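Side-chain atoms are counted along with the backbone in the values below, which use heavy atoms only and exclude waters and symmetry mates. The structure displayed is predicted, hence computed values, not measured ones.
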Amino acid sequence: MRIRVEAVSFRYPSGVQALQAVSLSLETGETVAVVGENGAGKTTLARHLNGLLRPQTGAISIGDWDARQHTVAQLSSRVGYVFQSPDDQLFARSVREEVAFGPKNLGWDPGRVRESVDWALARAGLSGSAGRHPYDLSPSERKFVALAATLAMRTPIVILDEPTTGLDASGVDRLTGIVGALREAGVSLLVISHDLDFCIEHVERALVMTQGRIVADGPVKEVFLDPQLLAQAQLRQPQLIRLARGLGIGSAPSSVEEFIQGYRRQRQ
């Protein structure tokens, strides 16, 4: 399902101009990272895609829908949004109830709801916590509850807002498995993140935002190879690229395996 954003601008009541004539398209099954400094407009842009915010000028289409003509509830059947902070999203008395809320509100029959909830809990590693209250879990586990609640709705588009924040190495590995499953299923994925190391390994394309504008859009490796561009958005190159450059390795590795291969080629 394609997303199109055409010359969208948005100013908050405080006077902050968060978006300035932003245009982009996200094709079906594409994986895209939106990166930039705090206040660049990343989350503001993402919240326009599921109707939490409405463009003051410009237009947004989700598939064949004009987003301005549909409610947040309607858009949630096409765009799943996982908030940066799970505490902004969770409200139910149990993990299972939380994960079931979205599918129930889409009007699914009980059997389909149960099947999708069980699948999402298993995918997020939460089957053993289904009966617990979300706020009895750790903050990192609550992050996976919020993710499972989105997965259960089986939306063709998923937005992850700072998905690695607060996760340790095992949590990032768990998240990696979920992202891989979404990619294999052909889900369109938009990742809002400061974690360029995660992005270069798991997405195909990168958008760099600063001061409410998109200043770069291209294949993730090409974008992240430009240190001056990233510095403009107060970002640093992924660690493996910096290490490869420091060692004189010509390639731009996106994973440890690629780095090792490049290092071996250099030593031959």
Query raised in the report: Is any side-chain heavy atom of Arg236 closer than 4.5 Å to a side-chain heavy atom of Leu196?
Result: no

Query - Side chains of Ile159 and Thr150 in contact at under 4.5 Å (non-hydrogen atoms) - result: no

Of all residues at least two apart in sequence or in a different chain, which pass the side chain to side chain contact (heavy atoms under 4.5 Å, CB included) check with [X]?
| X | answer |
| --- | --- |
| Ala40 | Glu37, Lys42, Met209 |
| Leu243 | Leu247, Phe259 |
| Phe101 | Phe91, Asn105 |
| Pro227 | Gln237, Arg245 |

Of all heavy-atom pairs between [X] and [Y], which one has the smallest distance, and what is that distance?
| X | Y | value |
| --- | --- | --- |
| Leu160 | Pro163 | O-CD, 3.8 Å |
| Ala124 | Ile178 | CA-CD1, 3.9 Å |
| Leu49 | Ile62 | O-CD1, 3.6 Å |

Query raised in the report: Would you find more than 12 non-hydrogen atoms of other residues, nucleotides or ligands less than 6.0 Å from Arg93 atom CZ?
Result: no

Query - side-chain hydrogen bond (donor to acceptor under 3.5 Å, both in side chains) contacts in which one or both residues fall within residues 112-132, not counting sequence neighbours - result: Arg96-Asp118, Ser116-Arg154

**Report entry** N/O donor-acceptor pair under 3.5 Å between Ser23 side chain and Ala7 backbone
**Finding:** yes

Report task. Let me see the working for Tyr81 and Ser76 under side chain to side chain donor-acceptor pair (under 3.5 Å), right down to the final yes or no. Result -> CA-CA 8 Å; Tyr81 191 113; Ser76 69; over 6 Å; no

Query - ring pair (Phe, Tyr, Trp, His ring centres under 6.0 Å) contacts touching residues 21-50 (sequence neighbours left out) - result: Phe10-His48

**Report entry** ring pair (Phe, Tyr, Trp, His ring centres under 6.0 Å): pairs with one or both residues in residues 202-257, sequence neighbours excluded
**Finding:** Phe198-His202

For [X], salt bridge (charged side-chain N to carboxylate O under 4.0 Å, His left out) partners two or more places apart:
| X | value |
| --- | --- |
| Asp226 | none |
| Arg183 | Glu204 |
| Asp87 | Arg142 |
| Arg2 | Glu27 |

Query raised in the report: Any salt bridge between Arg78 and Asp64, counting N to O under 4.0 Å?
Result: yes

Report task. Check side-chain hydrogen bond (donor to acceptor under 3.5 Å, both in side chains) between Asp195 and all other residues, then give those that pass, not counting sequence neighbours. Result -> Thr164

